[in-house]
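Take a look at the structure below.
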Amino acid sequence: MDTIVFAYRPPASDTEIPDGPLSGMRVLLQPDLFVKNWPADAGSKALAGFSAVFDATVIARLRAAGAVPAGFAPMAEFGFGINGSHLGRILAADEFLHAGLMTDMLGEARMAASLAGLWGFKPSWGRVSRYGLTGLVPSMECTGVLAKKLSDIPKILTRISGADANDPSMRTDPPLDVSGLLDATAPAGASLRIGIPEALATGNAAREAEMSIAREALSKAGFTLKNVTIGDLSLFAAAHQVAAAVEASSSAGKYDGVRYGFRAETSGNWNDMYLETRGQSFGPLIKALLMQGAWFQFQDYPGFEAACTLRQHLVNQTNALFNHVDLIALPTREADADPLTANMPADTYDAFSLTLAANLTGLPVLQVPGTSADGPNAADTAGANQAPGFQLMGPAMGDIAVLRAGLALSSHLQGVIS
Amino acid sequence: MNSVSTTYEAVIGLEIHVQLNTATKLFCDCPNQPGDAPNRNTCPICLWLPGVFPRLSRVAVEKAVLACLSVNCTIAEESAFDQKVYYYPDLPKGYQLSQHHKPLAVNGWIDIPEENAKNGALRRLRIHHIHLEEDVARLVHETEGGKPVSLVDFNRAGAPLIEVVTEPDMRNPYEAMEFLKILRTHLRYTGSTECSMEKGTMRADANISIRKPGSGEMNTKVEVKNMNSIRHVGDAIGYEIQRQAESLNRGEPIVLHTRLWDPDKQVTTAMREKFAGPCVPDPSVPAIQMDQQWLEAIQQNLPEMPPHKASRFVETFGLTAADAQLISQERDTAEFFEAAVSQNLPPAKVSNWIISHLLPGLRDHQLSLSDTPLTPARFSGLLSLLATEKINAAAAREILLQMLTKDAEPEILMKTAGLEQVSDDDALGDLVDKIIADHPSDAADFKNGNPKVVGFLMGLAMKASKGKANPKRMKEILTEKLNALQQTSE
Ligand SMILES: [Zn+2]
């Protein structure tokens, strides 16, 4: 096993355990979420030396509930993709950690969970405040929760969800009401209809194997399985990539090295200073993404508008599926695409082709860990041999329904902890 | 100039930025006071740091809506913010939040008096739209130890602005200047803005092109910036029309670009090529949904606008159209007038004293009504003293000026300065006797049939009374005594 390397660990004095409903729960984080006085570089040289002057809303709420920010895991630059991210692996391997928070723009939280054999949940967009999240793609990103025990996810969510005046783009709903969800007598939801997109569950040996395990467990849980058509995934990817690139280009515009972060040495004028600084600040994946975004902003605005129209169409089309089914089950990852090494937009989008639909549409989605005879956390730390598991996606703001189904399902899966 | 106006017709549109006078900035709670010590009024939101989101100020939206309503705009049911993407050191976020695709309000208008119109004819100038946007930071260029440095002051960053974009309806400098004057009057009426070009809370850019009269063509336009008074706007437009006409006459085409007005040299000069960045919808600021209920609540706060006020003053108080227009120019003046009239004073007298004495007095002292302790009650008290002949007009003017700075009732000021009018016949008679006795040759002139000496002796008598004499009574007594002198000698 690799040595566990945190990007940052707080001094011991910082880790007193407060009272509260989450007392003693240790939560692993990434440096894109503000923890007061902790470094806040979001995995980018552009933000080298920048530190947080306040706690992100989710951090403040976790602390108030008694949970302890346990440290930062290394992360991919600005949390786009998981090349360089270690959160899932550290969480799975460190027995003292209970859960992790990881920003999900393309499916990062679910993918990291899948690779580490953990539960992962991306809430509905607008459920969890992003105040204090460095962020890159505002209309897609959402704080995801990874946990060893599924029941820890609703416990955390009920604390961190709910309206926040500091994030005015989120919904005004109160915190998620999870009472009853964890009650042993709660109905298992046996009457649920689960849609399975046939096209994604066939024609590919790895996906077929994974989805047959999913079918079996879903059937055992008493759910009714139905065939649905989710549409061409490449359209989801295209709409996601154009919108995400444009938003990223705007979001990263502020990293100029003048007031904080990295600044390149230059003998030239201020324009040279900006060019040099930005040229050296970003890694190849982010640089390529920003270039694509700038292309659509400056050279092909109609292309961006077309992507927005396509996105709206896909949102409507996906929402309409929930007129016929309660949840949708779909695979998580392709066997031949490696998200841990993807370092260009094209291979990154290939690696996340099955997860990004939930980000494009803002829907809640649960990553169910892959089952293996050896139990969930026994796979090697690189995740290559970890069975991928599958996703359960719910309708907009249907977070509770997704989690309830997951809990009902978990007792029918081998080696997972509900 | 004459040849220009017959050969070519100018097509002029204006883009006017107006700073709203909200207590806070557009997207955060920092004070909206750009003039404070540099970078005092800042927070992570208006410093555009990572991890924070703009929080749109409801008050700013309401003030902006009020401003839009005052110039007859239709408020959009949904308006939204876009990112105007460009980089400059005064905008280190890389984009400005503005409204491009879905502006706050559309289709407004203002009526201006037609140039040289004798019959009160009006010309309607249309407003294409008005949108909300945030101001950028301010760059300060200095030298430190002989090296040039550029400093950034974020006090202004995120200050709320509205931008008024007109249709290209104006044809000459007069119309552009008149539009700005009336726009300023209307916007100030709403209480949403100070609207001062001199103080930078109103900035106007002009888009100018020329064409053959009546041709209806829209030719390449040139944008002119950097005018810091309404007069400069007129001068710059006049210059630019002339410059473009001369260019065309020389066979040189007009190229799309931006020019700066140089008020010292009275010319426009080309500036760097304008960089037109794209506008993409902002994913973080929620759209403004203006439902009927909210709109009606804002409409409640819309005051009676100047044109309506002026015609009501003519109808109700019998003012002349010119006086009514002057009185209604500023909301505080108009309200002051109505409050003073309500104290049972003749409206014409009140308006005359406001126009002839109060407003010039304020101008001379560079004060506005709200800066002074003067109240309508004190003002009408003063006019009552005049009407009951307790003071004369000269004394009333003197007391009025004192009331602009002194927090006291007019009676008190009258007594303190000893300005009470002397109407007592015995006292006036003694004064007149002394003047006549001191000027026997003038009295002799009167006797010899020269009536002009009455004016001369009257002036001396008023002076001797230190201006306090009741002039009407004084003149009667003087005339009486001179006539008596004549009769005795006959
Ligand atoms: Zn601020």
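This is a predicted model, so every value here is computed, not measured. Chain identifiers are assigned alphabetically (A, B, ...) following the order of the sequence lines, protein sequences preceding nucleic acid strands; residue numbering begins at 1 within each chain. Note: hydrogens, waters and symmetry copies are ignored here, and every other heavy atom, side chains too, is used.
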Interface moiety of [X] toward chain A, non-hydrogen atoms closer than 4.5 Å:
X	value
B/P54	backbone
B/L47	both
B/L49	both
B/Y88	side chain

Note to self: Within residues 71-80 of chain A, which residues come under 4.5 Å of chain B, heavy atom to heavy atom?
What the structure shows: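 The stretch does not come within 4.5 Å of chain B.
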Neighbour count above 12 (heavy atom, 6.0 Å) for [X] [atom1]:
X	atom1	value
B/K102	NZ	no
B/H17	NE2	yes
A/R171	CZ	no

So, taking the atom named [atom1] in [X] and the one named [atom2] in [Y], what distance separates them when rounded to the nearest 0.5 Å?
X	Y	atom1	atom2	answer
B/Y95	A/S249	OH	OG	10.5 Å
A/D164	B/F53	CG	CZ	9.5 Å
B/Q83	A/S251	CD	OG	7.0 Å

[X], part contacting chain B, at a heavy-atom distance under 4.5 Å:
X	value
A/Y274	side chain
A/F34	side chain
A/Q297	both
A/L47	side chain
A/R259	side chain

Margin query: Test: salt bridge (charged side-chain N to carboxylate O under 4.0 Å, His left out). Region: residues 45-55 of chain B. Which pairs qualify, not counting sequence neighbours?
Written below: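 Applying salt bridge (charged side-chain N to carboxylate O under 4.0 Å, His left out) to every pair that reaches into residues 45-55 of chain B, excluding sequence neighbours, yields B/D29-B/R55.
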Side-chain atoms of residues 145-160 of chain B: list all donor-acceptor pairs with protein atoms under 3.5 Å, sequence neighbours left out, distances to 0.1 Å.
from, atom 1, to, atom 2, distance (Å)
B/S150, OG, B/H141, ND1, 2.9
B/D153, OD1, B/N39, N, 2.9
B/D153, OD1, B/N155, N, 2.9
B/N155, OD1, B/N39, N, 3.2
B/N155, OD1, B/R40, N, 3.0
B/N155, OD1, B/N41, N, 2.8
B/N155, ND2, B/D36, O, 2.9
B/N155, ND2, B/A37, O, 2.9
B/R156, NE, B/V136, O, 3.2
B/R156, NH2, B/A137, O, 3.2

Any heavy-atom pair between the side chains of [Y] and [X] that's under 4.5 Å?
X	Y	answer
A/Y301	B/V280	yes
A/V258	B/P89	no
A/K254	B/P50	yes
B/L56	A/P168	no

Check: Are B/V285 and A/S169 close enough, and set up right, to give a side chain to side chain contact (heavy atoms under 4.5 Å, CB included), and what steps lead you there?
Finding: CA-CA 6 Å; B/V285 184; A/S169 51; over 6 Å; no
Checklist line | Most chain A-contacting option - heavy-atom pairs closer than 4.5 Å, from B/G51, B/G94, B/C279 | finding: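 The answer is B/G51.
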Notebook entry, point to check: Highest number of heavy-atom pairs under 4.5 Å with chain B: which of A/V137, A/N271, A/T134, A/D167?
Noted result: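 Answer, by heavy-atom pair count under 4.5 Å with chain B: A/D167.
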Table please: side-chain donor-acceptor pairs of residues 286-294 of chain B below 3.5 Å, with sequence neighbours left out.
from, atom 1, to, atom 2, distance (Å)
B/Q289, NE2, B/E78, OE1, 2.9
B/D291, OD1, B/Q293, N, 3.3
B/D291, OD1, B/W294, N, 2.8
B/W294, NE1, B/E62, OE2, 2.6

